[in-house]
K.L.:
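Could you have a look at this structure, given as structure tokens, before my questions?
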Amino acid sequence: TNGALQNMDFVFERREIKYLLDEAQYIALLQKLAEREIMPDHYGKTTICNLYFDTPDFLLIRRSIEKPIYKEKLRVRSYGQLTKNGNVFVEIKKKYRSVVYKRRVVVDCATMDSFMSGEPLSGGQTEKEINYFMQFYANLVARMYIAYDRVAYFDEPDGLRLTIDDNIVWRDFDLSLYFRPYGKKILSDEQHLLELKVNGALPLWLSEFLSQNKIFPTSFSKYGKAYMELVKRQYAYDYLVKRGSATTDNELIDEQKIAI
């Protein structure tokens, strides 16, 4: 139940390997999973909505896209558009070399609203780490909304979790999980993001499949891609300012909403 989830800590440590699939590779993967009787989990297709926290000058994501050995991020996540009786995950995600460490806690909407307003979380070790993260960077606020549709698969014998993300969208306004998931697309409709989450080596059957279909690992950050799109938009806006033909920031946002 919702109440049972609240104040629970979730800790993950694993490798995450990402691949960008075209339509043919995507269809081949679905066929391979069906052949091995690896089915979607009981949630089926889920829309995941995220708010990424950052400094006013986007320090965290600027550091991240430089590909340092160590990087970290903070986000809040809901499954689908948030309602007042829903739950939210507050999550720190750290990556050292190729290993991902996640610590997250489930809170109710009232707690999330207070957290978004700058109030610290109360609770156990994970809450303390999140509060320290907020204090360390001092001026973190929600800076980017990213949502996507995800189907997850779990191959229990191999301890392998696969996720396929589609319809990845972003926006830097309407920064609330209470609003519907919409925004500008990061990928085309013929592209699909595959993530493999493993504790050890890939199963032999999967390694062979990836090799046969010329599917190779890629460095892909949803937040990073969205930020680069934002930078491109800002460059274009600055250019128009120099020419004297730019609109106001509010008009620019209104134009984006219409385009979306």
Side-chain angles (χ1 to χ4, degrees), residues 1-18 41 43 46 48-56 58-64 67-80 82-148 150 152 154 156 159-161 163 175-178 195-200 221-224:
T1 63
N2 287 351
L5 278 174
Q6 291 169 19
N7 300 319
M8 288 181 62
D9 287 359
F10 298 82
V11 181
F12 306 90
E13 177 184 339
R14 62 197 179 195
R15 284 197 306 142
E16 292 185 355
I17 312 169
K18 299 178 182 180
D41 67 17
Y43 293 108
T46 305
I48 300 177
C49 309
N50 306 272
L51 286 175
Y52 285 82
F53 282 65
D54 215 322
T55 62
F58 290 98
L59 174 64
L60 292 179
I61 191 58
R62 285 192 292 108
R63 283 182 177 172
S64 178
K67 303 189 188 308
I69 292 175
Y70 174 82
K71 55 186 178 181
E72 57 189 354
K73 65 181 71 168
L74 174 68
R75 65 190 177 200
V76 295
R77 167 177 289 183
S78 66
Y79 290 86
L82 187 61
T83 59
K84 281 295 184 181
N85 61 349
N87 284 315
V88 177
F89 289 91
V90 184
E91 176 182 284
I92 290 179
K93 183 176 182 180
K94 304 178 182 182
K95 187 173 184 179
Y96 178 69
R97 297 191 185 275
S98 60
V99 180
V100 173
Y101 304 86
K102 285 186 186 179
R103 298 187 70 91
R104 66 184 188 181
V105 62
V106 183
V107 300
D108 59 24
C109 289
T111 303
M112 182 204 69
D113 292 340
S114 297
F115 178 71
M116 297 282 290
S117 300
E119 291 294 320
L121 297 175
S122 59
Q125 179 61 30
T126 300
E127 288 88 347
K128 291 177 182 177
E129 290 187 28
I130 292 169
N131 292 337
Y132 177 79
F133 192 101
M134 294 290 287
Q135 292 168 1
F136 183 82
Y137 290 102
N139 51 359
L140 291 183
V141 292
R143 298 290 276 137
M144 189 79 72
Y145 176 101
I146 296 178
Y148 44 91
R150 167 169 288 181
F154 184 61
E156 194 165 355
L160 172 71
R161 178 175 163 82
T163 60
L175 297 176
S176 170
L177 297 176
Y178 295 116
E195 292 188 32
L196 305 180
K197 304 162 197 298
V198 295
N199 294 320
S221 162
K222 300 181 185 75
Y223 184 21

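Computed over heavy atoms, backbone and side chain alike; hydrogens, waters and symmetry mates excluded. Quantities reported herein were computed from a predicted structural model and do not represent experimental measurements.
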K.L.:
Return the minimal non-hydrogen interatomic distance between Gly86 and Cys109, and the atom names on each side.
P.N.:
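Nearest pair, atom of Gly86 first, then Cys109: O-SG, 3.4 Å.
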
K.L.:
Out of curiosity, Cys49 SG to Ile146 CD1, how far, rounded to the nearest 0.5 Å?
P.N.:
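Going from the SG atom of Cys49 to the CD1 atom of Ile146 covers 11.5 Å.
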
K.L.:
Looking at Arg143 and Thr55, would you say the former's side chain and the latter's main chain have a donor-acceptor pair under 3.5 Å?
P.N.:
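Side chain of Arg143 to backbone of Thr55: a pair is present.
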
K.L.:
Tell me whether the rings of Phe53 and Phe115 are parallel (<30°), tilted (30 to 60°) or perpendicular (>60°).
P.N.:
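If you compare the ring of Phe53 with that of Phe115, the planes turn out tilted.
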
K.L.:
Could you state the interatomic distance from CD (Glu16) to NZ (Lys93), rounded to the nearest 0.5 Å?
P.N.:
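Reported value, rounded in 0.5 Å steps: 4.0 Å.
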
K.L.:
What closest approach, in Å, do Gly123 and Lys128 show between heavy atoms, and which atom pair accounts for it?
P.N.:
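Heavy atoms of Gly123 and Lys128 come nearest at O-CE, 4.4 Å.
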
K.L.:
May I ask you to check whether over 12 heavy atoms, not counting those of Phe136, lie within 6.0 Å of atom CZ?
P.N.:
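No, the 6.0 Å shell around CZ holds no more than 12 heavy atoms from other groups.
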
K.L.:
Examine Lys84 relative to Tyr178 and say whether NZ or CZ is less than 6.0 Å from the centre of the six-membered ring and inside a 45° cone about the ring axis.
P.N.:
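Yes, Lys84 and Tyr178 form such a contact.
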
K.L.:
Quick one: closest heavy-atom pair of Val76 and Met116, and the distance?
P.N.:
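So the two residues come closest at CG2-SD, 4.4 Å.
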
K.L.:
Does a side-chain heavy-atom distance below 4.5 Å link Tyr137 with Glu72?
P.N.:
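SC-SC contact between Tyr137 and Glu72 confirmed.
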
K.L.:
Can you measure from OG1 (Thr126) to CG (Asn131) and round to the nearest 0.5 angstrom?
P.N.:
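Interatomic distance, Thr126 OG1 to Asn131 CG, rounded to 0.5 Å: 10.5 Å.
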
K.L.:
How close do Asn87 and Asp108 get, heavy atom to heavy atom, and via which atoms?
P.N.:
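Reported closest heavy-atom pair: OD1-CA, 4.0 Å.
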
K.L.:
For Lys95, check salt bridge (Lys or Arg N to Asp or Glu O under 4.0 Å) against everything at least two apart and list the hits.
P.N.:
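Partners of Lys95 under the salt bridge (Lys or Arg N to Asp or Glu O under 4.0 Å) test: none.
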
K.L.:
I'd like to know if the side chain of Ser64 and the backbone of Leu60 have a donor-acceptor N/O pair within less than 3.5 Å.
P.N.:
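No.
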
K.L.:
Taking Glu195 first and then Lys197, would you say they form a salt bridge - that is, a charged N and a carboxylate O separated by under 4.0 Å?
P.N.:
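Between Lys197 and Glu195 there is a salt bridge, with a charged N closer than 4.0 Å to a carboxylate O.
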
K.L.:
Using atom types as modelled and distance alone, determine if a side-chain donor or acceptor of Asp54 lies under 3.5 Å from a backbone N or O of Leu59.
P.N.:
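Yes, the answer is positive, given that a donor and an acceptor are paired below the 3.5 Å cut-off.
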
K.L.:
Between Tyr96 and Ile69, is there a side-chain heavy-atom distance shorter than 4.5 Å?
P.N.:
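Side-chain contact under 4.5 Å: yes.
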
K.L.:
Find the distance between CG (Leu82) and CG (Asp113) and round it off to the nearest 0.5 Å.
P.N.:
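Reported to 0.5 Å precision, the distance equals 8.0 Å.
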
K.L.:
If a pair satisfies salt bridge (charged side-chain N to carboxylate O under 4.0 Å, His left out) and one of its residues is in residues 130-139, list it, with sequence neighbours excluded.
P.N.:
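Counting only pairs at least two positions apart or across chains, no salt bridge (charged side-chain N to carboxylate O under 4.0 Å, His left out) contact touches residues 130-139.
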
K.L.:
Examine the side chains of Asn50 and Tyr223 and answer whether a donor and an acceptor come within less than 3.5 Å of each other.
P.N.:
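Side-chain D/A pair, Asn50 to Tyr223: absent.
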
K.L.:
Run Tyr79 and Ile48 through side-chain contact (heavy atoms from CB on, under 4.5 Å) and show every step you take.
P.N.:
CA-CA 5 Å; Tyr79 290 86; Ile48 300 177; 3.8 Å; yes

K.L.:
Using side-chain contact (heavy atoms from CB on, under 4.5 Å), reason through Val90 and Met112 one step at a time and then give a plain yes or no.
P.N.:
CA-CA 8 Å; Val90 184; Met112 182 204 69; 5.6 Å; no

K.L.:
Looking at every heavy atom in both Met134 and Leu74, which two are closest together, and how far apart are they?
P.N.:
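The pair with the smallest heavy-atom distance is SD-CD2, 3.3 Å.
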
K.L.:
Flag the pair Arg75 / Leu51 as yes when at least one side-chain heavy-atom distance between them is below 4.5 Å, and no otherwise.
P.N.:
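The answer is no; the side chains never approach within 4.5 Å.
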
K.L.:
To the nearest 0.5 Å, how far apart are CZ in Arg15 and CZ in Arg97?
P.N.:
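The CZ atom of Arg15 sits 14.5 Å away from the CZ atom of Arg97.
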
K.L.:
Which residues pass the salt bridge (Lys or Arg N to Asp or Glu O under 4.0 Å) test with Arg63, sequence neighbours left out?
P.N.:
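With neighbours one apart ignored, the set is empty.
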
K.L.:
Looking at NZ of Lys222 and CE of Met144, how far apart are the two atoms once the value is rounded to the nearest 0.5 Å?
P.N.:
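Taking NZ in Lys222 and CE in Met144, the distance rounds to 13.5 Å.
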
K.L.:
If you take all heavy atoms of Ser221 and Lys73, which pair is closest and at what distance?
P.N.:
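What the structure gives for the nearest pair is OG-NZ, 4.4 Å.
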
